[in-house]
Number of protein chains: 2
Amino acid sequence: MLRDNRGHGMSDGVTVKKAVRSKADSAGRSKETASRRAHNRLPQLLDQAAQVFAKHGYAAASVRDIVRPIGMLPGSLYYHFQTKEDLLAAVYREGVQRISANVDAAIEAADGPWQRLEAACVAHLSSVLDRTDYSSVVIRIRPSDAPDAAAELSVLRNAYEARFDKLVAELPLDASVNRRDLRLLLMGAMNWSQTWYREGGELEPEEIARRFVGLLKLNSIENKGGS
Amino acid sequence: MLRDNRGHGMSDGVTVKKAVRSKADSAGRSKETASRRAHNRLPQLLDQAAQVFAKHGYAAASVRDIVRPIGMLPGSLYYHFQTKEDLLAAVYREGVQRISANVDAAIEAADGPWQRLEAACVAHLSSVLDRTDYSSVVIRIRPSDAPDAAAELSVLRNAYEARFDKLVAELPLDASVNRRDLRLLLMGAMNWSQTWYREGGELEPEEIARRFVGLLKLNSIENKGGS
DNA sequence: AACAAAAACGAACGATTGTTTGGTTAAGTG
DNA sequence: CACTTAACCAAACAATCGTTCGTTTTTGTT
C-alpha cells in the first residue's frame, strides 16, 4: 500500500492553510475591494473552466484539461478553490448571474406579455447556445453531477427559472391550457437545443427562439377553433 | 516508473486472446444460435450498465460501479466487450431497438396524422422516462461522450428520429409553420423531461406527452385566427 | 469418462484522477 | 528599503481508472 518515501520534510504542524475563500468572502468588505493583485489568473481560470465544463460535462472534464490551456499547474487551482466542485459552483454562479442579467434586460425592454416572453426566450437561447458564455454550463451540468454542491446549484437554477413562471403566468391563455405544461414544453425545447445546434448553421439562436414561441402563440385566448 | 515485479509467467507469446465478439459476429451464422451457455450473465451486465449509464452518465459511470451489483469482477467485463465504449454501444443499440419497437407499434395502432404523432410521443416519453429501460441511455448519453463509438451512435440515433420527421411531414399544418421547428420543439421538450421528471409525481409520462402534443395541435391548417 | 469451450476469477498493470504541501516569486505597502 | 502576502510552482500523493492476462471453474459435447 505504501510507495517510496522520498524525503521532503513535514516536520512541524504549522502548515500554512490557504484557500479558505469562497464562503468567507463578502463579510467585512475590507479595503481590498478595488486593487487585487496584478498577476491574477482567476478570470482566465473561470473562463477556461466554463468552456471545458460546457464542452465535455463535469465528470469528463479533468482539472488538468482546464488548467493546461492557460499555462497553469493543476495544484495551483487549489489556491483559488478548495475542490473541483467549488470551481464548478463558481462558474455556475457566474453563469446564472449572466443569463439572468441578459433575460431581465430583455424583458424590461419589451411590451406586452407575448413580446416579453419572446424577448426572454431570445435572450435565454442566445446565452445557452453561446459556448463562450458561462450560461451554457448552467444548462448542461445537472446539479446531481456535483453532489456536494448540488443543493446550491438547484437553488440557483430554480431562482432563475422562476422568471419564466411569471412570464407564462401573465399570458392571456385559453382556459384549457396548463401553464406549467407550456413552460416545460418551451424551456425544454430551448435547453435541449444544446444537443443539436451547431454554430454556423442556417438559423441564428434568436430566430429559433422566436419560432418556438410562435408555435405556441395560437394558444392565446382569442383562438378557439381546432379539431 | 516500475513497481514490484511479482512472478506470474508471460513466458511465451501464445496468449489466449478472447473477446473478439461484437464486430466479428453474425458472419457465418454457425450452429450456436439457440443454445448459448447456461451460466451467462451478459444480460444482467447489460441491464446494470444501462441503469448506471442512465443514472450517472457515461464518464461518471465506472466499470466497477456497473459490475459490482451483479457480483462480477471488473476484468470479467472484457470477456464480453473489448472496451467500455463497446459496452455503451451495445446498450445503446438495444436502447434504440426497444424504443423503436415501442414507437412503431404505437404508430401502427393509431389512425390519423395527429393521433399517430400523439401515440408515438406517448411511447417515446414512456420509454425515455422509464429508468429500467435501455431507451433512457439513448437520450441521456451524447455520442461525443464516447469518441470511438460516436459515429455509430449518431447513425442509430438519426435512424430512430427519422420516424418523427415522417410523422410531422404528414400533419395537416398551416403553411406558415416550419415542420422542422415543430419537431425540434416537441422532441426537445420530451427529451429534456429527463432532467425534471421524478417518478411518483402527479403526472404520468403518457399524460405529459399528450399535453405537449395538445399544445401544438392548434397549428393545424383549420386554425387561422390569432395575432 | 474425456475433452473443449464458455464464462468467468484473481491479481495485478500503467495511466490518470483530484488533491496536498513546502517552497518560490512578484507585486503592493509601510 | 525591508517586509508582507497574493499567486503560483514543482513534485509528489493516495485513490481510482480502464484494461490485461494467466488460471480456474462450469457447462455442453462426444
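We name chains A, B, ... by the order of the sequence lines, and we start the count at 1 in each one.
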*To the nearest Å, give me how far apart CD1 (Ile66(B)) and P (dT16(D)) are.*
17 Å
*Nearest to the side chain of Arg41(A), which nucleotide is it out of dC9(D), dC9(C), dA7(D)?*
dC9(D)
*Choosing from dA7(D), dT17(C), dA8(C), which nucleotide comes nearest the side chain of Arg64(A)?*
dT17(C)
*asked:* Less than 4.5 Å apart, side chain to side chain, heavy atoms only: is that true for Val67(B) and Gln48(B)?
replied: no
*For Tyr79(A) and dC8(D), is the shortest distance between a side-chain N/O and OP1 or OP2 below 4.0 Å?*
no
*Between Asp65(A) and Ser62(A), does any side-chain donor sit less than 3.5 Å from a side-chain acceptor?*
yes
*Using whole Å, report how far CG of Leu42(B) lies from P of dA7(C).*
8 Å
*Could you pick out which residue, Asp65(B) or Gly75(A), lies toward the 5' side of DNA chain D when each is mapped onto its nearest nucleotide?*
Gly75(A)
_In this structure, how many angstroms lie between the P atom of dT19(D) and the CG atom of Leu88(B), rounded?_
12 Å
*Integer-rounded Å distance: dC8(D) P and Leu45(A) CG*: 8 Å
*Please give, in whole Å, the distance from dC17(D) P to His56(B) NE2?*
12 Å
*Distance check: side-chain N/O of Ser76(B) vs OP1/OP2 of dA7(C), anything under 4.0 Å?*
no
*Is it true that atom CD of Gln97(B) has more than 12 heavy atoms of other residues, nucleotides or ligands lying nearer than 6.0 Å?*
no
*Look at Asn40(B) and dA8(C) and indicate whether a side-chain polar atom (N or O) is within less than 4.0 Å of OP1 or OP2.*
yes
*asked:* Using the side-chain heavy atoms of Leu73(A), tell me which of these nucleotides is nearest: dA8(C), dC9(D), dT19(D).
replied: dC9(D)
_Shortest side-chain distance from His80(A), nucleotide among dC8(D), dG18(C), dT19(D)_ = dC8(D)
*Which distance, rounded to the nearest 0.5 Å, do you find between the NE2 of His56(B) and the CZ of Arg142(A)?*
11.0 Å
*asked:* Taking any heavy-atom pair under 4.0 Å as a contact, classify Ala60(A): base, sugar-phosphate, or nothing.
replied: nothing
*Looking only at side chains, do His80(B) and Asp86(B) share a donor and an acceptor under 3.5 Å apart?*
no
*For the side chain of Val63(A), counting heavy atoms from C-beta on, which of dC17(D), dA8(C), dT19(C) is nearest?*
dT19(C)
_Closest listed nucleotide, where the reference is the side chain of Met72(B) and the choices are dT20(D), dT19(C), dC9(C)_ = dC9(C)
*asked:* In this structure, how many angstroms lie between the P atom of dA6(D) and the CG atom of Leu77(A), rounded?
replied: 18 Å
*Does a side-chain N or O from Tyr78(A) land closer than 4.0 Å to OP1 or OP2 of dT20(C), or not?*
no
